[in-house]
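Worksheet: one structure, shown below.
Throughout, a chain's letter reflects where its sequence line sits, starting with A, and its residues are numbered from 1.
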Amino acid sequence: MLPGGSERSDALSELVNIGMGQAGDSLARLFDTFIHLSIPRLELIEPAQLPEAIESLVGEPGPIVAVRQAFSSRIRGEALAIYSAAGCDTLADLVKYPEVDSDELLLEISNVLVGACVGALASQFSLDLTFSPPSVLGRTTIAELIDTRALPWNRALMAEVNFRIVERSFCCHLLTFWPDESISVLLHAVDAFLARL
Amino acid sequence: MATPILVVDDSAVSRSIVIRSLPPGWDVAITQASNGQEALSALQRQPHAVVLLDLNMPVMDGYQFLEAIGQSELARPIVIVLSGDIQPGAQTRVKQLGAHAFVKKPVRADTVLRALQECGVL
């Protein structure tokens with residue numbers, strides 16, 4: 001639950017939902033297949049809780065591949081796209097471009113998902129975001145992925161959505177983190193959005 | 001007589017946006033449901049002329065709701081899907097399941113009006 005009640009969570013979820021729909025549309029067109037979309041989940045989180053929270057959301061005991069991308073303007077944050085290593089292996093078949101390097105493909109997909117999801121929120125709130133180049137954090141586990149000491153925040157709002165291709169065991173969990181002072185900027189924008197309704 | 005409309009969405013904010021997007025001056029009696037299951041119960045209690053249906057919902061989603069009314073003995077309402085999931089496959093699937101129109105979220109008064117006109121409701 002966000003500070004200030006369920007209406008804020010509800011509004012933010014709905015906006016995330018619209019962004020996710022746009023991202024899902026891009027992915028469906030790229031792969032020419034149906035993408036199952038999750039229901040967005042929002043959570044306020046501290047660094048120490050992060051490994052456990054991600055493990056329970058992702059539910060992926062095996063090796064994973066992650067792509068990380070930061071964004072900033074009046075607000076800053078970070079997106080983490082998490083794929084199971086097994087699911088990544090099916091990607092090359094899906095796009096039918098054997099000559100494309102699988103890391104390049106992951107970067108491209110992650111870029112599309114982050115751009116659409118975060119971009120939809122940013123445009124709703126008139127935030128002019130700058131994205132850092134995405135980087136691939138190779139085959140690893142969730143525990144190894146998150147070095148809690150290195151996280152540059154004390155508290156963050158985490159939004160999780162996932163994109164699934166059921167018949168190909170492909171799944172991407174997209175986590176976005178809006179840390180510390182960005183939470184209040186985001187909530188202020190949500191309040192302005194609600195006031196316009 | 002007021003046209004009975006059922007608005008189905010798990011987000012209260014989204015239901016409120018949908019209700020405000022309906023044509024001004026249109027005499028409607030609105031019932032709200034937060035998932036497909038609640039929507040089915042509402043239809044069992046009272047027939048509705050139009051259902052404005054979200055797709056991505058917990059408990060029973062929009063696809064399951066469309067399947068359920070297709071298999072039921074209930075009077076068939078006009079179903080207009082209002083969805084954040086806008087991929088081509090979603091639009092095809094709901095049409096196959098009997099939905100009459102598809103409106104992309106974020107909903108706007110003009111796209112809702114056009115869908116209502118396309119379905120012959122207005």
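- Heavy atoms of A:Leu194 lying under 4.5 Å from chain B belong exclusively to its side chain.
- For the salt bridge (charged side-chain N to carboxylate O under 4.0 Å, His left out) condition, no pair includes a residue of residues 69-78 of chain B, sequence neighbours left out.
- When the shell of 6.0 Å around CD of A:Glu181 is examined, it contains more than 12 heavy atoms from other residues, nucleotides or ligands.
- Hydrophobic clustering (side-chain heavy atoms under 4.5 Å, transitive across Ile, Leu, Val, Met, Phe, Trp, Tyr) keeps B:Leu52 apart from B:Val59.
- Residue B:Leu6 is not grouped with residue B:Leu82 when hydrophobic side chains (ILVMFWY) are merged at heavy-atom distances under 4.5 angstrom, including chains of intermediate members.
- For the set A:Ile35, A:Leu27, A:Leu15, A:Thr33, the count of heavy-atom pairs under 4.5 angstrom toward chain B peaks at A:Ile35.
- Of all heavy-atom pairs spanning A:Asp10 and B:Ser11, the tightest one is OD1-OG, 2.9 Å.
- The number of heavy-atom neighbours closer than 6.0 Å to CG of A:Asp128, taken from other residues, nucleotides and ligands shown, is 12 or below.
- When hydrophobic clusters are built by joining Ile, Leu, Val, Met, Phe, Trp and Tyr residues whose side-chain heavy atoms come closer than 4.5 Å, directly or via intermediates, A:Val112 is not grouped with A:Leu174.
- Nearest heavy-atom pair across B:Asn56 and A:Leu37 is OD1-O, 3.8 Å.
- Of the inter-residue distances, the one linking B:Lys104 atom NZ with A:Gln22 atom CD reads 9.0 Å to the nearest 0.5 angstrom.
- Between A:Phe34 and B:Arg93, the shortest heavy-atom distance links the atoms CE2-NH1, 3.0 Å.
- Within the model, atoms CE of A:Met20 and CD1 of B:Ile86 stand 11.5 Å from one another, a figure rounded to the nearest 0.5 Å.
- A chain of hydrophobic side-chain contacts below 4.5 Å, direct or via other Ile, Leu, Val, Met, Phe, Trp or Tyr residues, connects A:Leu44 to A:Val161.
- The cluster map of Ile, Leu, Val, Met, Phe, Trp and Tyr, joined by side-chain heavy atoms under 4.5 Å apart, puts B:Leu113 and B:Val81 in different clusters.
- The shortest heavy-atom contact between B:Ser16 and A:Leu197 is OG-CD1, 4.4 Å.
- For A:Ile18 against B:Pro106, the heavy-atom pair with the smallest separation is CG2-CD, 3.7 Å.
- Ranked by heavy-atom pairs shorter than 4.5 Å toward chain B, the options A:Ala11, A:Ser26, A:Gly19 are led by A:Ala11.
- Heavy-atom minimum distance, B:Gln87 versus A:Asp25: CA-OD1, 3.1 Å.
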